[in-house]
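Heads up: the structure comes next, in structure tokens.
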Amino acid sequence: MGATLLPDLGTEILIPLCAVIGIAFSVVQWMFVSQVKLSPGRDANSNAPGKNGYNDYLIEEEEGGNDHNVVLKCAEIQNAISEGATSFLFTEYKYVGGFMVAFAVLIFVFLGSVEGFSTSSRPCTYDQTKICKPALATAIFSTISFLLGAITSVVSGFLGMKIATYANARTTLEARKGVGKAFITAFRAGAVMGFLLASSGLLVLYIAINAFKLYYGDDWGGLFEAITGYGLGGSSMALFGRVGGGIYTKAADVGADLVGKVERNIPEDDPRNPAVIADNVGDNVGDIAGMGSDLFGSYAEASCAALVVASISSFGINHELTAMLYPLIVSSVGILVCLLTTLCATDFFEIKAVNEIEPALKRQLVISTVLMTVGIAIVTWISVPSSFTIFNFGTQKVVKSWQLFLCVGVGLWAGLIIGFVTEYYTSNAYSPVQDVADSCRTGAATNVIFGLALGYKSVIIPIFAIAISIFVSFSFAAMYGIAVAALGMLSTIATGLAIDAYGPISDNAGGIAEMAGMSHRIRERTDALDAAGNTTAAIGKGFAIGSAALVSLALFGAFVSRAGISTVDVLSPKVVIGLLVGAMLPYWFSAMTMKSVGSAALKMVEEVRRQFNTIPGLLEGTAKPDYATCVKISTDASIKEMIPPGALVMLTPLIVGIFFGVETLSGVLAGSLVSGVQIAISASNTGGAWDNAKKYIEAGASEHARTLGPKGSDPHKAAVIGDTIGDPLKDTSGPSLNILIKLMAVESLVFAPFFATHGGLLFKISTTTSPKSPPNSTTPTLKIAIIGFGNYGQFLAKTLVAQGHTVLAHSRSDYSKTAQDLGVSFFSDPHDLCEQHPQVILLCTSILSTEPVLKSLPLQRLRRNTLVVDVLSVKEFSKALLLKLLPGYFDVLCTHPMFGPQSAKHGWNGLFFVYEKVRIGSEESRISRCNELLNIFEKEGCRMVEMSCAEHDKYAAGSQFMTHTVGRVLGMLKLESTPINTKGYETLLDLVENTAGDSFDLYYGLFMYNKNALETLERLDLAFEALKKQLFGHLHDVVRRQLFGNAEKAITLQEDYAKQAQNGAALVSSSKALRSPKIVRSDDQKAQISDDNSWLKIAIVGFGNFGQFLAKTIVRQGHTVLAFSRTDYSDVAQKLGVSYFSDADDLCEEHPEVILLCTSILSTEKVLRSLPLQRLKRNTLFVDVLSVKEFPRNLFLQTLPLDFDILCTHPMFGPESGKNGWNGLSFVYDKVRVGSDESRVSRCDQFLDIFAREGCRMVEMSCAEHDRHAAGSQFITHTMGRILEKLGLESTPINTKGYETLLNLVENTAGDSFDLYYGLFMYNINAMEQLKRLDMAFESLKKQLFGRLHGVLRKQLFENSDKSQVMQEQALLPKPSQNESAVTPSLESLNIQNN
């Protein structure tokens, strides 16, 4: 695949170096922030020109009111906020710590029990030819990595909170010097958190990988599987941080706003409000600590997902360290890029006015994205090979380095698009939020309606961006592409966190300014900082949601691969119920968090009201509120209320995986991803829009805004209500949903080994009474070597690869290009193949070449417990051969997939797969491997039949030889489809098609190695001879009767027929003798019937089986039916509602409109001449239904007077083939002579409509053309059906498709009389020629078979005379008894048996 430009040593230096630089940079930024002193004295340099072009004079000095007590007050408020936040986090972490320990124990127990806490090494999950560390090691190291991730997440959140509470008052104080200085302080504080979290997360992950590597060594698959616990630990802590912090902050915020702003009409963050400290504390524990843990979790999970997929791709297989750590290198370069970007905001560009704040923050996003694009290009160029392979659900997909760059790039830019779309829908600078603000004119209800509509609409573009990212990434690099796309979106996490943290710090700064009683101009500056922070915070939430979607999908792909699921079938009931439940979970989770906020807010509102009502002078500002009680209410409520939503998320994968299995769990994950992303975007944007609509009115920055204000107006109160409703949406439920979809996915991935082994208890219980079958679909993949990569080997390889197995191939012919297209590794040298140590050798050779191929394999290079499998169609031979040539320690499985590329072109479902476990070792791993191979075919829906080789040959080999013999004979006749195929003829064509693709070697093997083949051939020959004898005997009797009965009449008839055949135009005026087939649709036929609902009177002459069959439908349609026959069918006619006449004169005197002749071919002329035509009306319509048409046409034209109409028809079905209705069956007709009167034309059409109404395929065709198509094909069909009927074919337990075809053919033709068959022979001028061609084809096939056998014997005789002598002597021996082995294991010991 090629080496990387960046050496492994460079990688080992680059990653920790970038992490250390990031941590150092965060320390430097903290030092800058700490220079702002929380003391009444000025800084030493306060009179010097400011960094941003300002002098450091204070607003208080300008206004002559510089009170140093303000500084002390700010410090006091900051301490209160810091202490409240620290107290809450310690309380929260105490509970979360208990959960962390308990869940760590759960991980260890579940993963350790996968193999019974065994300390023995085991075959690797994805490559069982290699030995990997025990499952117990995975349990231990997964537990350790989980604790590492959890601790890192907790520490990251806590440090973020501390720096935020450290900087909030300092930002307030710096606002006295100008908006630029305040901005720099807030942003630097945010950068401290961003760089500290990004760098520490990267460094801890890198250290963990290297520490784990000391134990795992070359087992990178096991190493990175254990590392996934790091992401689980990070996200599980983030869940409780987000939910708990969100409930805390929004309970206080809602309580403070509803009572303070709406009821008491006091400003936001007024110190008189008892909930104001709790509100500011909440900003830190929710928006800082919770958000920090959330984004850390996303980063950790995206890295873990990419590393897991890479470990089973060429990076991991070939132990390419630099390429393997590509996700970490991307994050490392991201730290450097974000460092430069941060300097642009703090040092390179100046903030001189309020309106420059928001553009400066947005510039951070754009600059970091542009620089990161360049960085990714460089990183990809130097750290991955130009071409490599990525694991793609069992196959290795070839990926180019530029494709990987595009995957990361598309994620990066999709994040920016999502961010700016989010800004458009949440910033009050644009029309959507202004429309929401304008809706407040008519009250809170319309505000809510507009806000919800905005949230729903804001989902559209982000979803398209995510969808395009997924499509591009997956197309280029499968699930690895999606994982690195998520990393691309998170590659600028340091800048994103800095911007996110800047918002709550600015919000706190404004609150402190208000509580400290600072100048309104300072409050205006902090409000401007806060407004920009709100917008950028919404952008950050968009980033978080988009990355969560990609991370979740990448984790889902890793889970599906680890659980051994080849496809997630949405039509499977197990998956569908999972999808429905998964899609419901975000709603349930949101309901729980919203209600939790509501319950806590209710208590907060009651407490604030109580204090306003009971503390004298509180509203006037003369008394101090009880802040501590409100802080305690928020703390207690959040700790109590965070447990149920957290339990829902954490327990769902465990419950579903254990009780319902991995398929249902995959549905749950997919459903929660699809539903959760949409709700999260909608909720966050709706809440953000309501918040900024309120601020839009409060700021009054435009004429429109001023018409809605000022504070305290009715529109403002409506906006406050909307903001209050939106608070839990944007800060609790929405952000927490990110964690829900990620956490469930990573938890499922960590526990996948346990679920795959022990999951699905309910489904297992429900199937305990079912017959034993090979294992379920969660078994690991096999490495299978196909020997003989011809047509059949390639056919099997497609499915093996599709199911995720590793497939190798060897063949004497070069199939390397085909193998590459199929995703198969091709080896021209069998030594190279055997050195790959495949677990299974699958022999797909022909019967004749199996022995020499098997002898040529270097068996000594294979593992001693290798499973050898054959797929030959004769089994006793292959069984004996494998037992003879293979060492005793090899496992032997004889199988016969009873289908091929042609018969299984639409899938294997319902087709037979016969097998015998000839020799399988007793070790559990060998038994499991055998069952895993069988499960490949069971997954495809095969009917699995365990049967001894001897029993198989008794059933299958014999029936297959018969099928192929008939198929090859028919193939020699070059049968072609006609416009009017019968069902029987279609059967023959299908048989030819199903057998045509098989080689003659296969057929010859069935003959050579099936001891009953010669007898079958002889029986077939005898049956054909018997049929010919029967035909010619019947012909001889007819000729004798004609010769000695009425010779003169016979001669006259023959002369007439000869004349008519030579010149059809000389006959009485009729329709053209030959015309092209004209298909008439049944609707057209129906349209030709008059609307008077007149019915026909139809006389059926010849009321046998076929006449009765037609009468049922004719009567059902309402026509009057009369019947006449030489046999008495009066009882049958009465039951059918038919008037029966035993005298033809009586019938004709009833003047039927139609005479329908349903006689046999042989009796038609005699019956027609016996009818008293003079008693019929002169324009009567005569119709026949014979299967040959030129004969009745000529007979009618010769016998019937010119006044009679003639219609020749052939319903190409009978009682058997038409038993389920006539729809789609062909009805051929020729209007030989129909009068021009409208009534006669209408009558003819009415008769035809009888069949059109039933759905027949109406085909108008001349009689001559009909006989060329139909009569010939029918004769062949009936001939083969009668030959096979004489053999007495019987169904077997394992019928092939071809043999089923033969049985169906016999069934379709058995019900027809011999007279019908003889008529097809007698009155079809080509019948004799077809019979001769059939005879010649059969003789040719026998000659081909025996010629091949003769060639084999000659080769043996002249190549090894000694061996030949032995063979000749053996041939003279008596036939073996039934208890002796009748199997011929090799060509060298061939026994010719003439039985």
Side-chain angles (χ1 to χ4, degrees), residues 242-243 246 250 287 291 294 298 414-415 417-428 430-437 439 444-467 469-470 534-535 537-550 552-553 582-595 597-598 645 649 670-694 721-742:
R242 265 296 194 189
V243 174
K250 291 303 115 182
D287 293 341
M291 178 208 47
D294 180 6
S298 289
I417 291 169
I418 292 171
F420 280 125
V421 169
T422 304
E423 182 215 2
Y424 174 75
Y425 280 104
T426 57
S427 171
N428 54 32
Y430 302 103
S431 60
V433 171
Q434 293 173 9
D435 290 343
V436 172
S439 69
T446 49
N447 181 29
V448 170
I449 293 169
F450 270 69
L452 288 174
L454 178 146
Y456 297 150
K457 189 176 181 181
S458 70
V459 171
I460 300 170
I461 297 177
I463 290 299
F464 275 115
I466 294 170
S469 300
I470 291 170
N534 276 334
T535 299
I539 293 174
K541 289 186 178 77
F543 265 96
I545 295 166
S547 63
L550 295 179
S552 179
L553 186 58
M584 172 272 296
L585 285 175
Y587 291 94
W588 189 0
F589 179 83
S590 297
M592 295 172 79
T593 52
M594 294 282 286
K595 187 177 179 183
V597 170
V649 176
S672 64
L673 168 61
V674 172
S675 172
V677 171
Q678 327 259 355
I679 300 173
I681 295 173
S682 172
S684 296
N685 290 348
T686 296
W690 277 328
D691 187 9
N692 278 334
K694 177 200 72 173
I721 292 172
D723 177 36
T724 306
I725 297 170
D727 276 339
L729 286 174
K730 72 180 175 69
D731 290 322
T732 307
S733 296
S736 299
L737 286 173
N738 303 341
I739 306 171
L740 176 142
I741 59 178
K742 294 181 301 181

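Every heavy atom of this structure was used, including side-chain atoms; hydrogens, water molecules and symmetry mates were not.
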task: Would you check, one step at a time, whether the test side chain to side chain contact (heavy atoms under 4.5 Å, CB included) holds for V243 with F589?
output: CA-CA 10 Å; V243 174; F589 179 83; 3.8 Å; yes
Minimum heavy-atom distance [X]-[Y], with the two atoms named:
X	Y	value
N738	A680	OD1-CB, 3.9 Å
G734	A683	CA-CB, 4.1 Å
T732	G246	OG1-O, 3.0 Å
V597	P728	CG1-CB, 3.7 Å
P432	L454	CB-CD1, 3.4 Å
A549	V677	CB-CG2, 3.6 Å

- prompt: Can you tell me if CZ on F450 sees more than 12 non-hydrogen neighbours from other groups inside 6.0 Å?
  reply: no
Do the side chain of [X] and the main chain of [Y] share a donor and acceptor less than 3.5 angstrom apart?
X	Y	value
T686	S682	yes
S439	V436	yes
W690	D727	no
N692	N428	no

Criterion side chain to side chain contact (heavy atoms under 4.5 Å, CB included) on S675 and L585, from CA distance to verdict: CA-CA 8 Å; S675 172; L585 285 175; over 6 Å; no
task: Walk me through it: do S458 and V421 pass the test side chain to side chain contact (heavy atoms under 4.5 Å, CB included)?
output: CA-CA 8 Å; S458 70; V421 169; 5.6 Å; no
Within this structure, what is the [atom1]-[atom2] distance for the pair [X] and [Y], rounded to the nearest 0.5 Å?
X	Y	atom1	atom2	answer
S431	Y425	OG	OH	8.5 Å
S736	I741	OG	CD1	12.0 Å
D294	R242	CG	CZ	4.5 Å
L729	N685	CG	CG	11.0 Å
I681	Y456	CD1	OH	14.0 Å
K250	T724	NZ	OG1	9.5 Å

task: For I545 and I418, run side chain to side chain contact (heavy atoms under 4.5 Å, CB included): C-alpha distance rounded to whole Å, both residues' side-chain angles, the deciding distance at 0.1 Å, then the answer.
output: CA-CA 9 Å; I545 295 166; I418 292 171; over 6 Å; no
query: Of S552, S298, S547, which meets side-chain hydrogen bond (donor to acceptor under 3.5 Å, both in side chains) against K742?
result: S298
statement: Residues at least two apart in sequence or cross-chain that pass side chain to side chain contact (heavy atoms under 4.5 Å, CB included) with I470, listed by chain then number, are I466, I482, L550, L553
- request: Using salt bridge (Lys or Arg N to Asp or Glu O under 4.0 Å) as the criterion, list what pairs up with D691, not counting sequence neighbours.
  value: K694, K695, K730
message: For the residue pair T593 / S733, report whether a side-chain donor-acceptor contact shorter than 3.5 Å exists.
response: yes
